[in-house]
Each structure stands twice: as structure tokens, then as C-alpha cells.
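Below you'll find the structure, written out as C-alpha cells, and then a few comments.
Convention: sequence-line order gives letters A, B, ...; per-chain numbering from 1. This structure is a prediction, so every number in the text was calculated from the model and none was measured.
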Amino acid sequence: MISWNTMLCGYASNQRSAAAKELFQKMPLRNLSAWNAMLSAESSLANAVAFFEVFPERDMITWTAMLTWYVHSRHMLDAERMFDQMPARDLITWSAMLAGYSRLGNADSARRVFDSMPQHNIVTFNEMLSAYAQAGHVESAEALFRRMPLQDHVSWNSMLAAHTQSGRIAEAKTMFDNMPLHTLVSWNTMLSGYAQAGHTEQARWIFRAMAYCSLVTWNAMLSAYTLFGCVKEASEIFQSSPAKDLLTWTALLSAYCQAGHLEYAKVLFDKMPERDLQSWTALAAAYARHGYLEDAHSLVSSMPAQDVVSHTAVFSALSQSGNLEAAKVLFDQIPIRNEVTWTAMVAAYAQNGHLAQAGRLFAAMPEKDLVSWRTMLLGLAENERPRKALEGFHGVKLAGFSPR
RNA sequence: CUAGUGAUCCUGGAGUCG
């Protein structure tokens, strides 16, 4: 029984869901542990939901595994629903919820969960740390890092990533040099930190210096090139990488898209062994950005699902095409909007000289970030409203951003 | 650090300026 379950988990961690299913069905008898392992090994949220429905019995692990499916799919409302419905919760259940808000960069909700949970352990501290990092609150992350009762390699790596992801590459380097232990993740973090900061040479150097690497390493090196439109180098990395996953393919796809090689992009897209929302969006956005709005629309309508990003990608291309009327119509039609969507609409109004409309929309935005402020202020400045722009500049500080 | 199921760290898609 134990060895069956061990094999099942092996498939689960290799994402070999079909093999897991086959094994599960061949098992002479299946206990609850086997069912739970199979739940985690499912291939998609939809399959997991269906499988969860047919469980003969459920324990806390079953519920938490299902909740984790929702968390990984970023469906926090469903996760909350699970959390409320389940008969009992333990620290891991709480921790899974915290992880969900952490990934979304929602530091307030994360903090609320963190403060409500019955106890803390190293994992929950790490999750809260990472929530601050994700939200860009590096100082809070540092404070927590120092305050935690002990730090393990995950804490160090999270803190390291907090620095690289906020562009503090010098601090990251110092931290890296002073860490008690370097794991593969630490190396990968530094590699992609240099890559994102545009220090491609340094990234390359690390890549060569690494004794062991993983698919993540290859993908990080790939995106060091795709980020800056180096199609040639990117495809060389792609060719030489020993394994490829969805991220590998999508990274190369977006390199082609960025460089405007739409025909290559399409060929690659058709060759991809699997696609998800992000790969669909990359191609659709490229079509839209290069003026092929029809193709973008037809691609989008054949997509299996849509989210804020895919909607916004097509919308923002339309809003930049000069057709303000069509943009207004689409803006109202989009089922989900976020600050990016709103900002695109504000920019479109401003660029067409409709400052009053832009201002009204800006005031009505549910969330404003630094980019939205900059868009509004530059809109005012470019339309020769220096005084209003200055007033707005004051508002940026009031909103708690540091203006640049 | 070494025997079975659930939680935390690194890689891909959209907006402004650059």
C-alpha cells in the first residue's frame, strides 16, 4: 500500500497526471491517502473538482488539497468557501489560505489571515514575508525577517527575491554573499534578478558558473533575452535547453511577438504541445498591438477562457489605435477590469484631448497605482494644464507613492 | 538530510514614461 502511494506521489510531483490516474485505477485497494494523493495529482482544477465530488469519504487533508487547487488557480473566493465549509481546519489549511493572498500580492488580506491563525510556524512566517515582498513592501519584509524566531533557507531566499524583484540588485548581491546557504533557488533568484535589471552579462556569467541547474534556470536565462527582444539568443537558449515546459514555449513566443515576428509567432504557437491563457494572450496581444484587431478578436473568441489580462490586452491595443468611440464601447463590455484596464482608458481620453473625461474616470478608479498617476499627470502636462498637473503631483505623495 | 496523502522561496501574458 505504501509503495503504491509513494509511486502515485512521484507522478504527482512530476505532473504526470495521466500516469497517476492509470496507477490509481490499477491499485488493488485504495485507502483515503491514495485518494488524496490522486486529488493533488489531477491535471486541472475542473478535473479536481469533479474528482472531489466522487470521494467515498473526506478528511482534513482532502479538503485542504481541494482548497489548495483553488488557491493555485487564484480563485480565492472559492478557497474561502471551502475554508468555511470544511468541518475542521488545521495550521496547514490556514497556511494554504495565507499562501493564496501572498501570491496575489494582497498584503492586507494576507496579514488578516496571518493575524487570525491559531499559531505560527516557520512556513507561515515565510508566507507572510513573501506576501510583503510580492506587494513591494520590502521594508516590512525586512522587519519581519529580523523578527521571526528563526530563518531557514526559504526565508533567506524569499528575502533575496524581495530585493531582486524590487530592483535592488546591489542589496541582493550583498545578501547573497552573506547567506548561510545557497540553494538552487538562491542561484536562480540572482540569475533572474540580474536578467530583469538588464545585466544580461552577469546573468550569463551566473548561468555558466552554476554547478547544477533546473528547468527554472533555463527559463530564467531565456527570459533574460526575451525581455530585451534578443530573439536570436533566446532561440539559441530554447534550442539547447534539455527540457521545455509551458513557460519555456511562452517565453520564446513572447520574444517573437515583441519583435513583431508575428508569422513566426503563429507557427510556434501552433507547434506548442500545450497552451494556456497566458500563451493565448501573448499572441492575441501581439496581433492587436500591431493593428490586426480582427485577428486578435477571432483568436480571443476561440480561447478556452479569458481573464482580466487577456481582456485588457486587446482593449488597450484598441484604445491606442485612435478609435476612441470603439474603445469606450469595449471598455463597458469588458466583464472584469483592474487598474491596468482603467489606466488604458484614461490614457486614451487624455491622448485625444478629452481631459475632463480622463479626470472623471481617474477619480472613479477603484485602485490607482504609480502608472495610473503618471498617466494622468502626463496627460495634463501634455495638454498644457501645468497647474492641474502640479496639484496632481501633490496628490501622488498624498496617495503614498514616491513620485519620479 | 534518509520509508506513504494537503501549506511557504526562483522562471512566461496586458496599461504610462523611459
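- Side-chain N/O atoms of A:T183 and A:S186 include a donor and acceptor closer than 3.5 Å.
- The side chain of A:Q320 has B:U16 as its nearest neighbour among B:U16, B:G13, B:G6.
- Looking at heavy-atom distances under 4.0 Å, A:Q165 makes contact with sugar-phosphate atoms alone, never a base.
- Of the listed nucleotides (B:A14, B:C10, B:G12), B:C10 has the atom at the smallest distance from the side chain of A:A161.
- Close to B:C9, at under 4.0 Å from its OP1 or OP2, lies no side-chain N or O of A:Q151.
- Residue A:R103 is in sugar-phosphate contact alone, with no base atom involved, counting any heavy-atom pair closer than 4.0 Å across all strands shown.
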Q: Evaluate ring pair (Phe, Tyr, Trp, His ring centres under 6.0 Å) for A:H297 paired with A:Y287, printing each intermediate quantity in order.
A: CA-CA 9 Å; A:H297 266 122; A:Y287 281 152; over 10 Å; no

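- Residues A:T124 and A:S95 bring no donor and acceptor atom of their side chains to less than 3.5 Å of each other.
- Between A:F238 and the options A:W218, A:W249, A:Y225, a ring pair (Phe, Tyr, Trp, His ring centres under 6.0 Å) holds for only A:W249.
- Side-chain proximity of A:V123 to B:G15, B:U11, B:A7: nearest is B:A7.
- Looking only at side-chain heavy atoms (C-beta outward), A:N126 and A:D152 come within less than 4.5 Å of each other.
- In this structure, CE of A:M376 is placed 12 Å from C1' of B:U16, rounded to the nearest angstrom.
- A:D307 places its CG atom 13 Å from the P atom of B:G13, with the value rounded to the nearest Å.
- Counting non-hydrogen atoms under 4.0 angstrom, A:N31 reaches a base of the nucleic acid.
- Nucleic acid contact for A:T93: base, since at least one base atom lies under 4.0 Å from a heavy atom of the residue.
- At least one donor-acceptor pair closer than 3.5 Å links the side chain of A:N338 to the backbone N or O of A:T341.
- At a cut-off of 3.5 angstrom, counting only N and O atoms as typed in the model, there is a donor on one side and an acceptor on the other between the side-chain of A:T64 and the base of B:G6.
- In the set B:G15, B:G12, B:U5, B:U5 carries the atom at the smallest distance from any side-chain atom of A:I61.
- The residue A:D90 sits close to a base: some heavy atom pair falls under 4.0 Å.
- At the heavy-atom level, A:S214 lies nowhere under 4.0 Å from the strands shown.
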(Q) Please determine whether salt bridge (Lys or Arg N to Asp or Glu O under 4.0 Å) holds for the pair A:D177 and A:K173, giving the CA-CA distance in whole Å, both sets of side-chain angles, and the decisive distance to 0.1 Å. (A) CA-CA 6 Å; A:D177 290 338; A:K173 176 70 167 67; 2.7 Å; yes

Q) A:N36 and A:S33: side-chain hydrogen bond (donor to acceptor under 3.5 Å, both in side chains), yes or no, with the steps? A) CA-CA 5 Å; A:N36 288 338; A:S33 298; 5.5 Å; no

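- Between the side chain of A:D369 and the base of B:G15, a donor-acceptor pair under 3.5 Å is found.
- Each of B:U8, B:G15, B:G4 was ranked by its minimum atom distance to the side chain of A:N126; first place goes to B:U8.
- Nearest to the side-chain atoms of A:A99 among the listed nucleotides B:U11, B:A14, B:A7 stands B:A7.
- One atom, CG of A:L377, and another, C1' of B:G18, lie 16 Å apart when rounded to the nearest Å.
- For the pair A:Q196 CD and B:G12 C1', the computed distance is 11 Å after rounding to whole Å.
- Checking the phosphate oxygens (OP1, OP2) of B:U8, a side-chain nitrogen or oxygen of A:H72 falls inside 4.0 Å.
- Residue A:Q278 is classed as a base contact, given a heavy-atom separation below 4.0 Å to a base.
- Of the listed nucleotides (B:G13, B:G12, B:G15), B:G13 has the atom at the smallest distance from the side chain of A:V309.
- Side-chain polar atoms of A:Y101 and A:R111 form no donor-acceptor pair below 3.5 angstrom.
- Listed nucleotides: B:A7, B:U5, B:G13. Nearest to the side chain of A:S40: B:U5.
- Among the nucleotides B:G12, B:U8, B:G6, the one closest to any side-chain atom of A:S279 is B:G12.
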Q: Might you work through the ring pair (Phe, Tyr, Trp, His ring centres under 6.0 Å) test for A:F114 and A:W94, ending with a clear yes or no?
A: CA-CA 8 Å; A:F114 186 74; A:W94 281 92; over 10 Å; no

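- Nearest to the side-chain atoms of A:N338 among the listed nucleotides B:A14, B:C9, B:C17 stands B:A14.
- Between the side chain of A:D276 and the base of B:G13, no donor-acceptor pair of N or O atoms lies under 3.5 Å.
- A:H120 has its NE2 atom 13 Å from the C1' atom of B:U8, to the nearest Å.
- The distance from atom CH2 of A:W249 to atom P of B:G12 is 18 Å, rounded to the nearest whole Å.
- Listed in residue order, the members of residues 339-346 of chain A having a heavy atom less than 4.0 Å from RNA chain B are A:E339, A:V340, A:T343, A:A344.
- Among the protein residues, A:L277 comes within range of the nucleic acid bases, having at least one heavy atom under 4.0 Å from a base atom.
- A:T62 places none of its side-chain heavy atoms less than 4.5 Å from the side chain of A:W35.
- Ring centers of A:F125 and A:F145: at least 6.0 Å apart, outside the cut-off.
- Taking atom CD1 on A:I334 and atom C1' on B:A14, their separation rounds to 10 Å, with Å as the unit.
- Contact annotation: side chain of A:N121 to base of B:A7, donor-acceptor pair present below 3.5 Å.
- Interface residues of residues 172-193 of chain A facing RNA chain B, ordered by number: A:V185, A:N188, A:T189, A:S192; criterion, heavy-atom separation under 4.0 Å.
- The interatomic distance linking A:L23 (CG) with B:U5 (C1') rounds to 14 Å, in whole Å.
- Contacts of A:L246 with the nucleic acid, taken as non-hydrogen atoms under 4.0 Å apart, include base atoms.
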